[in-house]
Peer 1: 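Take this structure first; my questions come after.
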Amino acid sequence: MSVVKFENVAVAGLAEMRAPRAISSAEIESRLEPALKRAGLPTRGLIYQLTGIAERRVWPEGVMASVPAAMAGRRALERSGVEREKIGVLISTSVCRDFVEPSVASMVHRSLELGSHCLNFDVGNACLGFLNGIQIVGDMIERGSIDYGMVVNGESSLEVIEATIARLNQPDFPVEKMRDQLATLTLGSGAAAMVLGRRDFLSVDAPRVVGAVTESASEHNELCRGQRDWMETDAAMLLLRGVELGQKTFARATEELGWSPEVLDLVCAHQVSAVHMTRVAEALQLDRERFLKIYHDHGNVGPASIPIALAKAVGQGRVQRGDRVGLMGIGSGLNCSMMEIAF
């Protein structure tokens with residue numbers, strides 16, 4: 001178990017970027033018709049029925065992760081009012097990468113013209129990377145190492161979606177392996193960024209990062225594994241073991257952060273599908289209406305899901321001063337993190 005609690009960490013700026021092109025589930029099913037027929041599966045409505053995802057967003061072909069991550073970072077900086085010279089650390093949490101090296105963070109650092117004193121590096125932890133990034137920046141602020149830092153994320157799913165469609169349509173692709181590949185088709189693209197700072201340097205209205213708890217069940221690290229153009233998922237077992245880990249983590253959040261199903265005014269969660277969100281809500285006894293849902297028209301945007309949902313909640317006026325907002329996700333590995341931000 002990992003527990004962190006903060007006294008002097010607040011959110012100075014938050015932004016999300018919407019990828020321009022929509023790919024509907026119906027379009028994917030149309031392109032997959034040969035494979036679906038071969039497997040004896042419905043050729044219309046299957047993906048939506050299984051996931052509740054009507055469409056996902058993608059960047060134009062060739063756009064690397066650092067580009068939208070930098071766009072979101074620039075917008076979050078502008079909204080924060082923090083001078084870029086004051087940023088002491090930049091952490092990129094993208095699952096998608098431009099190259100094996102250098103880091104995505106170095107690309108974003110250059111694009112944002114941050115100072116040479118600004119530490120920059122990547123943190124990879126599947127769909128939990130953004131929460132881990134907030135935790136690391138928060139620790140550095142709390143310790144007095146820096147006054148301000150930022151976390152960015154950019155995800156680009158077009159390449160793996162196209163590769164999966166092509167693979168499944170190959171006449172010799174084993175039908176019995178098809179189900180393990182379908183979760184890949186839920187992936188979407190997007191970007192988000194958050195600027196964090198010392199609470200006593202910011203407005204009294206700046207949302208405070210309260211703390212976080214994390215639990216691991218790495219004995220299940222085989223349930224979802226991916227590469228740049230390939231991902232294989234045991235969706236049923238991932239849901240079962242993930243929900244178990246979520247219940248264990250929520251119990252820790254109850255002890256350490258004072259959570260209960262009634263005290264959270266809003267939940268911004270990593271989102272895989274309607275089924276996943278429903279099962280998590282039921283297991284944690286949380287009202288589904290307290291979740292800000294984006295899966296319907298964004299798909300699974302990996303670690304960007306949580307900050308995108310939070311940014312949309314702020315933009316839509318879903319959070320008010322005094323609200324307690326829970327950020328939570330279950331990522332491949334398996335790991336589960338739950339964090340509170342007090343507005």
Peer 1: Examine the side chains of E155 and N153 and answer whether a donor and an acceptor come within less than 3.5 Å of each other.
Peer 2: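 E155 vs N153: donor-acceptor pair found between side chains.
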Peer 1: Assigning hydrophobic clusters by single linkage (Ile, Leu, Val, Met, Phe, Trp, Tyr; side-chain heavy-atom cutoff under 4.5 Å), is V137 placed with V325?
Peer 2: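 In one cluster: yes.
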Peer 1: Between CZ of F250 and CD of E215, what distance do you get to the nearest 0.5 Å?
Peer 2: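 Taking CZ in F250 and CD in E215, the distance rounds to 13.5 Å.
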Peer 1: Identify the heavy atoms of I330 and C336 that sit nearest to each other, and give their distance.
Peer 2: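 Taking I330 first and C336 second, the nearest heavy atoms are CG1-SG, 3.8 Å.
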Peer 1: Would you kindly say whether N120 and S106 are connected by a side-chain donor-acceptor distance under 3.5 Å?
Peer 2: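 Short answer, no.
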Peer 1: Please indicate whether R288 has more than 12 foreign heavy atoms, meaning atoms of other residues, nucleotides or ligands, lying under 6.0 Å from its CZ.
Peer 2: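 Yes, CZ of R288 has more than 12 neighbouring heavy atoms, counting only those of other groups under 6.0 Å.
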Peer 1: Return yes when atom CD of Q170 has more than 12 non-hydrogen atoms of other residues, nucleotides or ligands closer than 6.0 Å, and no otherwise.
Peer 2: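 More than 12 heavy atoms, drawn from other residues, nucleotides or ligands, come within 6.0 Å of this atom.
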Peer 1: Inspect the surroundings of CD in Q316 and state if more than 12 heavy atoms from other residues, nucleotides or ligands are less than 6.0 Å away.
Peer 2: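 Yes, because the 6.0 Å sphere around CD of Q316 holds more than 12 heavy atoms from other groups.
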Peer 1: Which residue is it: R241, Q247, K248? I am looking for the one with a side-chain hydrogen bond (donor to acceptor under 3.5 Å, both in side chains) to E244.
Peer 2: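 Between E244 and the candidates, side-chain hydrogen bond (donor to acceptor under 3.5 Å, both in side chains) is satisfied uniquely by R241.
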Peer 1: Check whether more than 12 heavy atoms from other residues, nucleotides or ligands sit under 6.0 Å from atom CD of E176, and answer yes or no.
Peer 2: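 Counting other residues, nucleotides and ligands, CD of E176 exceeds 12 neighbours.
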Peer 1: Could you measure the distance from the CD1 atom of I53 to the OG atom of S25? Nearest 0.5 Å is fine.
Peer 2: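 Reported value, rounded in 0.5 Å steps: 6.5 Å.
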Peer 1: Kindly give the heavy-atom pair with the smallest separation between R56 and S24, and that separation in Å.
Peer 2: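 Reported closest heavy-atom pair: NH1-C, 3.4 Å.
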Peer 1: If you measure from CG on N335 to CG on N125, what distance do you get to the nearest 0.5 Å?
Peer 2: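 Those atoms lie 5.0 Å apart.
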Peer 1: Are the side chain of R208 and the backbone N or O of F6 linked by a donor-acceptor pair below 3.5 Å?
Peer 2: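 The answer is yes, because a donor-acceptor pair under 3.5 Å joins these two groups.
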Peer 1: Are R290 and E262 close enough for a salt bridge, meaning some N to O gap below 4.0 Å?
Peer 2: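 No.
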Peer 1: Does N169 reach the main-chain N or O of R31 with its side chain, forming a donor-acceptor pair under 3.5 Å?
Peer 2: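 Yes, because the side chain of N169 sits within donor-acceptor range (under 3.5 Å) of the backbone of R31.
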Peer 1: Between S337 and T214, is any side-chain donor less than 3.5 angstrom from a side-chain acceptor?
Peer 2: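 A pair is found: one side chain offers a donor N or O, the other an acceptor, under 3.5 Å apart.
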Peer 1: Between R252 and E255, is the salt bridge (charged side-chain N to carboxylate O under 4.0 Å, His left out) condition met? List the steps.
Peer 2: CA-CA 5 Å; R252 288 295 182 190; E255 296 175 9; 3.3 Å; yes
Peer 1: Distance-only, no hydrogens or angles: does the H298 side chain make a donor-acceptor pair with backbone N or O of K293 under 3.5 Å?
Peer 2: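 Pair absent, no side-chain N/O of H298 close to backbone of K293.
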Peer 1: Donor-acceptor pair, distance only, cut-off 3.5 Å: does the side chain of S30 make one with the backbone of A26?
Peer 2: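 Judged by distance alone, no pair lies under 3.5 Å.
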Peer 1: Would you say the side-chain atoms of S111 pair up with the backbone N or O of M107, donor to acceptor, closer than 3.5 Å?
Peer 2: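 No; judged by distance alone, with no hydrogens or angles, the pair does not exist.
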Peer 1: Do R44 and E29 sit within salt-bridge range, that is, some charged N less than 4.0 Å from a carboxylate O?
Peer 2: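 No, this pair does not count.
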Peer 1: Could you tell me which non-hydrogen atom of W259 sits nearest to which non-hydrogen atom of T254, and how far apart they are?
Peer 2: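 So the minimum-distance heavy-atom pair works out to O-CG2, 3.2 Å.
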Peer 1: For residues L131 and T93, determine if any side-chain heavy atom of one lies less than 4.5 Å from a side-chain heavy atom of the other.
Peer 2: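 They are not in contact (no side-chain heavy atoms under 4.5 Å apart), so the answer is no.
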Peer 1: Quick one: pull up CD1 in I47 and CG in L36 and give me the separation to the nearest 0.5 Å.
Peer 2: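 With rounding to 0.5 Å, CD1 (I47) is 7.5 Å from CG (L36).
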Peer 1: A quick test of your reading: do over 12 heavy atoms of other residues, nucleotides or ligands sit less than 6.0 Å from CD of E27?
Peer 2: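 Above 12, so yes.
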Peer 1: Using only heavy-atom distances, determine whether the side chains of R97 and S92 contain a donor-acceptor pair under 3.5 Å.
Peer 2: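 Side-chain D/A pair, R97 to S92: absent.
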Peer 1: Of the non-hydrogen atoms in A283 and V243, which two are nearest, and what is the gap between them?
Peer 2: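 Nearest heavy atoms, A283 then V243: CB-CG1, 3.4 Å.
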Peer 1: Give, for atom NZ of K312 and atom CZ of R18, the distance between the pair rounded to the nearest 0.5 Å.
Peer 2: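 Taking NZ in K312 and CZ in R18, the distance rounds to 5.5 Å.
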Peer 1: Less than 4.0 Å between a side-chain N and a carboxylate O, is that true for R57 and E55?
Peer 2: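 Salt bridge: yes.
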Peer 1: Taking atom CD of E7 as the centre, does the number of heavy atoms from other residues, nucleotides or ligands within less than 6.0 Å exceed 12?
Peer 2: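 No - once you tally the heavy atoms of other residues, nucleotides and ligands closer than 6.0 Å, there are 12 at most.
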Peer 1: State the CG-CD1 distance between D122 and I91, to the nearest 0.5 angstrom.
Peer 2: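 It comes to 9.5 Å.
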Peer 1: Under 3.5 Å, is there a donor-acceptor pair linking the side chains of N300 and H276?
Peer 2: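 No, no side-chain donor-acceptor pair sits under 3.5 Å.
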Peer 1: Please lay out, stage by stage, how E219 and N221 fare under the test side chain to side chain donor-acceptor pair (under 3.5 Å).
Peer 2: CA-CA 6 Å; E219 66 271 25; N221 69 25; over 6 Å; no
Peer 1: Could you tell me whether the side chains of S189 and S157 share a donor-acceptor contact shorter than 3.5 Å?
Peer 2: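 Distance-only check passes for S189 and S157.
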Peer 1: One thing to verify: whether D265 and R318 come together as a salt bridge, which I'm taking to mean a side-chain N less than 4.0 angstrom from a carboxylate O.
Peer 2: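 Salt bridge flag = no for D265 with R318.
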Peer 1: Taking all heavy atoms of L77 and all of V82, pick out the closest pair and write down the distance.
Peer 2: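 For L77 versus V82, the nearest heavy atoms are CD2-O, 3.8 Å.
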Peer 1: Taking atom CD as the centre, does E222 end up with more than 12 heavy-atom neighbours from other residues, nucleotides or ligands that are less than 6.0 angstrom away?
Peer 2: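 Enclosed.
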